[in-house]
Amino acid sequence: MPPLINPYILNLENNPSSQLKENIMDQISQDDLKTALTGNVINEQQFASILHIAQKRQQAHHTLHGEDEPFAIFLGFSEIFISIGLCILFAGLVGILTLLDSLVAAGAIVAVLSLGLSHYFIKIRRMVLPSIVSSSALTLSSILCLVPVAIDLFSQAEGDDPYLATLILPLAPTLCLLVWMYRKYKLPYLTFLIGVTGLGMILSIAGILSSSQQAVLDFDSLMDLSVNPIVAGSWLLFGLIALGFGLYFDCRDPYRVGNPSKSAFWLHLLSGPSLLNVIALNIYYEGDTTSYILTTLLLCLFVIIALIIDRRSFISAGIIYMSFVVSWATKNLGMDADYISLFVLGLIITALATWWHKWRSALMNALPNFPYKEKLPPY
């Protein structure tokens, strides 16, 4: 690369707040680049790289102007049509493979097919929804393929909860496979599958550790810190890990034009409910006035965090608890009617969502400087 081009591109990549990113194509047009290309000042690869950078900057400017949190689960109806076909294909294949009378063989066949389809739709066709369907099928089939193997290994195991150990064996290699696929394909949805699989492993390990304290784990108390502190604490641990990785990806892509920010979306979708559910459930179900007040303060804290990191997905689970708090408040004010609670709840959510950017701008300007504040999305 010529010496004048290289610093120019580096300046574009490393200084998104510079004047160059404001309206780059007004300063250097495609005709200028074509002239440089025909004059052998730059080659075709450099020409394409400069255009790619310019398009990313323009897309970032448009995204910020729209005050939106980019999210795309499909790019056209063709993807929906293909995904319907994939679902039918997998359903029919599973039905046929039941004739084998071997869950290991059936799971292995579906896993191999899903891996090939995932590669095709992610790498070659670059389709979102078919990639989601095929990678989800790969995850499920990989786990089901290894479950009988784990059952055979641990069927003679001593202890009250050997079934928890049988979950770790299928989940561990599946998790490694998903991590490898993300490093290879960079499909954002894979972070969601990695998170769910990782959560299953963490809960399984926590269940084994807590089995000496409690022979049978009650599903209704999995998030109760007073009954299952190890298992409930593992939910919090997972939420913090997912939040940490989500912030890591967000800081890598503050303008939200690449895959890191899309990966962060799925991680925040997991971290928010994991953290909020455990804390809120242990506060809310006390049932007294203090618990409702503490739940309200907790929701306010999570809204502040969501505004700071500019992630609506982080607070999505809070809508349920908002409805509980609003219902309690309206009843205490003598307005015991469900439609009044719905109206107030809708008013709160609409106001928060409609003027999200203004709320965030006011909050970020009011907050003092803190580490990595400049790496968060602009405000």
Common cluster, L270/I205, ILVMFWY with side-chain heavy-atom separation under 4.5 Å: yes

Are M201 and L144 grouped together when hydrophobic residues (ILVMFWY) are joined by side-chain heavy atoms under 4.5 angstrom apart? no

Do the side chain of K373 and the main chain of M364 share a donor and acceptor less than 3.5 angstrom apart? yes

Does L240 have any side-chain contact (heavy atoms from CB on, under 4.5 Å) partners at least two apart in sequence or in another chain, and if so, which? L275

Would you check if the side chain of T354 reaches a backbone N or O of A351 as a donor-acceptor pair within less than 3.5 Å? no

Are F90 and I143 grouped together when hydrophobic residues (ILVMFWY) are joined by side-chain heavy atoms under 4.5 angstrom apart? no

Show the numbers, then the answer: is there a side chain to side chain contact (heavy atoms under 4.5 Å, CB included) between R360 and L376? CA-CA 12 Å; R360 182 172 186 269; L376 293 172; 4.1 Å; yes

Could you tell me whether the side chain of L171 reaches within less than 4.5 Å of the side chain of S204, counting heavy atoms only? yes

Are I96 and L89 linked, directly or through intermediate hydrophobic residues, by side-chain heavy-atom contacts shorter than 4.5 Å (ILVMFWY only)? no

Stepwise side chain to side chain contact (heavy atoms under 4.5 Å, CB included) test for E79 and I82: CA-CA 5 Å; E79 294 196 4; I82 293 173; 5.7 Å; no

Between CG of L307 and NE2 of H357, what distance do you get to the nearest 0.5 Å? 11.5 Å

State plainly whether one hydrophobic cluster holds both I315 and I279, where clusters connect Ile, Leu, Val, Met, Phe, Trp and Tyr through side-chain heavy atoms under 4.5 angstrom apart. yes

Holding to side-chain contact (heavy atoms from CB on, under 4.5 Å), I want the full list of residues that pass it with S83, two or more places apart in sequence or in another chain. L129, P130, V133

For I132 and F74, what are the C-alpha separation, side-chain angles and deciding distance, and is it a side chain to side chain contact (heavy atoms under 4.5 Å, CB included)? CA-CA 9 Å; I132 290 176; F74 61 89; over 6 Å; no

Holding to side-chain contact (heavy atoms from CB on, under 4.5 Å), I want the full list of residues that pass it with I349, two or more places apart in sequence or in another chain. I319, M322, L345

Residues passing the side chain to side chain donor-acceptor pair (under 3.5 Å) test with T191, sequence neighbours excluded, are none

Got a sec, which pairs hit side-chain hydrogen bond (donor to acceptor under 3.5 Å, both in side chains) with one end in residues 240-254, sequence neighbours left out? D250-H268, D250-R311, D253-S261

Taking all non-hydrogen atoms of both residues into account, name the closest pair between F238 and G195 and its distance. CE1-O, 3.1 Å

Point-to-point distance, once rounded to the nearest 0.5 Å, from CD1 of I309 to CG of L247: 5.5 Å

Please give me the minimum heavy-atom distance between G272 and F302, naming the atom from each residue. O-CE2, 4.1 Å

What's the shortest heavy-atom distance between A232 and L225, and which atoms? CB-CD2, 3.5 Å

Hey, does L187 have a side-chain heavy atom less than 4.5 Å from the side chain of M181? no

Can you check whether G95's main-chain N or O pairs, donor with acceptor, with T98's side chain at less than 3.5 Å? yes

Just grab all the ring-ring contact (aromatic ring centres under 6.0 Å, His included) pairs involving residues 360-379, residues at least two apart or on different chains. none

Report, as yes or no, whether the 6.0 Å neighbourhood of atom CZ on F245 holds more than 12 heavy atoms from other residues, nucleotides or ligands. no

Can you name the nearest heavy-atom pair linking S234 to I202, along with the distance? CB-CG2, 3.5 Å

Just jot down the side chain to side chain donor-acceptor pair (under 3.5 Å) partners of N365, sequence neighbours excluded, or say none. S361

Any side-chain heavy atom of Y182 sitting closer than 4.5 Å to one from S263? yes

Just distance, no hydrogens or angles: give the donor-acceptor pairs under 3.5 Å from side chains in residues 102-128, sequence neighbours left out.
residue : atom : partner : partner atom : Å
S102    : OG   : A105    : N            : 3.3
S114    : OG   : V110    : O            : 2.7
S118    : OG   : S114    : O            : 2.7
S118    : OG   : S134    : OG           : 3.2
S118    : OG   : S135    : N            : 3.4
H119    : ND1  : Y185    : OH           : 2.8
Y120    : OH   : R125    : NH1          : 3.2

For W266, check ring pair (Phe, Tyr, Trp, His ring centres under 6.0 Å) against everything at least two apart and list the hits. F71, Y189, F192

Is the shortest heavy-atom distance from the side chain of F314 to the side chain of S271 under 4.5 Å? yes

Check the pair L138 / L177 against side chain to side chain contact (heavy atoms under 4.5 Å, CB included), numbers first and verdict last. CA-CA 10 Å; L138 173 62; L177 174 62; 4.1 Å; yes

Would you give the length of the straight line joining atom OG of S131 to atom CD1 of I73, rounded to the nearest 0.5 angstrom? 11.5 Å

Partner residues of L146 under the side-chain contact (heavy atoms from CB on, under 4.5 Å) criterion, sequence neighbours left out: P170, P173

